[in-house]
Amino acid sequence: MAEPTPSAGRRPPTIYDVARAAGVAASTVSRAFSRPGRVNAETAERIRQVAADLGYRTNPLARALPTGRTSMLALVILDITNPFYGEIIRGAQSAAAEAGYVILLVDAQESDRLEREALERALPTVEGVVLASSRMSDSAIRMTAKQRPMIVLNRHVADVPSVVTDNVHGMRLAVQHLANLGHRTVTYVSGPEASWADGMRWRSLREVSAELQLRVHRTGPYPPTVVGGTMAAEELGRHGTSAVIAYNDQLAIGLMRGLQAAGRRVPQDVSVVGFDNIFGAELVTPGLTTVAAPLRVQGHTAVRDLLSVLGGARASTGRPMVLPTRLVVRGSTAPRGRGQARPAAPGCPAPGPR
């Protein structure tokens, strides 16, 4: 039977205390925590139980001194308040936990400078890095990838493994949906200029619209937030449009709020489509039609691939891994109105011709 947790004032238990109580070598205890797959399952469970009874806790940084292994991975996101990253984090956390790793979460606050500074501080303590929608330059990303194994999400960088969603197919679905509803002009509300996904979506929109003989406009760039969407609504109010595709769902939700505040109805006057299908897209009124991406799968896949590289697998740096997208149709899109638009609220520009 293991001794109870030491009281205050006594030294904390060591790996040798655990080994003595469990009746195994100290090296076996070390493997049970650092590489559990190399220890008999029954023995590993007994060691963990003894460690818990004694109050023993591993110190990953101390363990890393001779081995270079900390069982920690860095996940860099751009905005912790953006629901887009919630499912990515959950997927990454799940894959890391399955392998006995923990995630160090870094919030770059949409700043390439803060992103670089945070990575410089994190690199000495992590074994690998997942960059989600990085704002750093390609050269900065490649330089960081030379220091630690890396997977990039939502962006393709030459010579660095990446996982992206199918922006081309997703945009095609969105444009075809609006065309089938009778819309002949589509406005794209763009996101950050440094966003790789924004460039891909705009390019795909132009290509599909040319095939379907639709007119396209672009406005922005705007911050990828609800506030950014309300800013875009002011601009749209000056020239009018019957259909809008926003860079992401937050922009789309802010856009709907801004349009409605100005007296324009969604979807009767303006149909709105977002991207990503974040939590909350179905909770707004009307529910947001959006291109859904498998965000949790993306986070899980990135960490799984990173761990494979850490285990000795060769990284694939050619074409990015592309995950499928689908269109989720809700209440924010409808057939193009025919003279049904009501006047804008006092002091707001009336909708233009559609």
Side-chain angles (χ1 to χ4, degrees), residues 83-84 169-191 201-202 204-205 208-209 212-220 222 224-293 325-346 348-354:
F84 168 78
H169 180 65
M171 183 60 79
R172 178 172 292 275
L173 292 175
V175 176
Q176 288 179 334
H177 171 65
L178 293 173
N180 291 340
L181 292 174
H183 298 279
R184 308 310 304 164
T185 301
V186 178
T187 297
Y188 179 64
V189 176
S190 62
R201 290 168 187 175
W202 170 238
S204 302
L205 171 58
V208 178
S209 296
L212 300 176
Q213 298 183 331
L214 304 181
R215 294 188 301 275
V216 294
H217 301 293
R218 178 187 175 106
T219 183
Y222 294 101
T225 62
V226 173
V227 173
T230 58
M231 294 165 55
E234 297 177 6
E235 174 66 24
L236 289 175
R238 286 193 278 271
H239 62 74
T241 186
S242 74
V244 176
I245 299 177
Y247 161 74
N248 70 357
D249 287 345
Q250 287 204 108
L251 268 173
I253 291 170
L255 178 68
M256 290 197 299
R257 287 184 177 180
L259 290 172
Q260 291 165 342
R264 303 188 70 181
R265 301 167 298 171
V266 177
Q268 295 91 333
D269 298 331
V270 184
S271 287
V272 178
V273 178
F275 253 86
D276 300 327
N277 196 34
I278 63 172
F279 174 78
E282 61 183 325
L283 303 180
V284 296
T285 303
L288 178 63
T289 295
T290 181
V291 177
T325 51
R326 60 190 176 89
L327 184 69
V328 178
V329 179
R330 298 192 180 101
S332 67
T333 51
R336 176 174 176 264
R338 299 185 181 280
Q340 298 177 359
R342 65 183 182 183
C348 298
R354 291 171 295 172

Subject >> Counterpart residues, ring pair (Phe, Tyr, Trp, His ring centres under 6.0 Å), relative to Tyr188 (two or more places apart) >> reply: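 Partners of Tyr188 under the ring pair (Phe, Tyr, Trp, His ring centres under 6.0 Å) test: Trp202.
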
Anything under 3.5 Å between a donor and an acceptor, one on a side chain of residues 174-181, the other on a protein residue two or more places apart or in another chain? List them.
from: His177; atom 1: NE2; to: Thr333; atom 2: OG1; distance (Å): 2.9
from: Asn180; atom 1: ND2; to: Gln176; atom 2: O; distance (Å): 3.2

Gap between atom [atom2] of [Y] and atom [atom1] of [X] - 0.5 Å precision:
X: Thr185; Y: Arg215; atom1: OG1; atom2: CZ; result: 3.0 Å
X: Ile253; Y: Thr225; atom1: CD1; atom2: OG1; result: 11.0 Å
X: Thr325; Y: His169; atom1: OG1; atom2: NE2; result: 5.0 Å

Indicate the atoms forming the closest heavy-atom contact of [X] with [Y], along with that distance.
X: Ala252; Y: Gly274; value: CB-CA, 3.9 Å
X: Thr290; Y: Val273; value: CA-CG1, 4.3 Å
X: Pro224; Y: Leu251; value: CA-CG, 4.1 Å

Original post:
With sequence neighbours left out, what residues match Arg172 under salt bridge (Lys or Arg N to Asp or Glu O under 4.0 Å)?
Top reply: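 Per chain and number, Arg172 pairs via salt bridge (Lys or Arg N to Asp or Glu O under 4.0 Å) with Glu211.
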
Original post:
Between Ser190 and Arg201, is any pair of side-chain heavy atoms under 4.5 Å apart?
Top reply: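 Side-chain contact under 4.5 Å: no.
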
Original post:
Do Phe275 and Ile245 come within less than 4.5 Å of each other through their side chains, counting heavy atoms only?
Top reply: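 Of all side-chain heavy-atom pairs linking Ile245 with Phe275, at least one is under 4.5 Å.
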
**OP:** Show your reasoning for whether side chain to side chain contact (heavy atoms under 4.5 Å, CB included) applies to Val270 and Val244.
**Re:** CA-CA 7 Å; Val270 184; Val244 176; 3.9 Å; yes

Subject >> Partners passing side chain to side chain donor-acceptor pair (under 3.5 Å) against Ser271 (at least two apart in sequence or in another chain) >> reply: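 Ser271 satisfies side chain to side chain donor-acceptor pair (under 3.5 Å) with His183 once adjacent residues are dropped.
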
Original post:
Taking only residues two or more places apart in sequence or in another chain, which ones pass side chain to side chain donor-acceptor pair (under 3.5 Å) with Thr230?
Top reply: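 In terms of side chain to side chain donor-acceptor pair (under 3.5 Å), with neighbours along the sequence ignored, Thr230 is linked to no residue.
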
Donor-acceptor contacts, no H, no angles, side chain residues 276-287, under 3.5 Å, sequence neighbours left out:
from: Asn277; atom 1: OD1; to: Arg330; atom 2: NH1; distance (Å): 3.2
from: Asn277; atom 1: OD1; to: Arg330; atom 2: NH2; distance (Å): 2.9

Original post:
Sub-3.5 Å donor-acceptor pair from the side chain of Ser332 to the main-chain atoms of Thr289, do we have one?
Top reply: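 It does hold such a pair.
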
Original post:
Yes or no on side chain to side chain contact (heavy atoms under 4.5 Å, CB included) for Leu212 and Val208, after CA distance, side-chain angles and deciding distance?
Top reply: CA-CA 6 Å; Leu212 300 176; Val208 178; 3.9 Å; yes

Subject >> Chi angles and distances behind the side chain to side chain contact (heavy atoms under 4.5 Å, CB included) call for Phe84, Asn248 >> reply: CA-CA 9 Å; Phe84 168 78; Asn248 70 357; over 6 Å; no

Subject >> Residues, nucleotides or ligands: over 12 heavy atoms within 6.0 Å of Arg326 CZ >> reply: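 12 or below, so no.
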
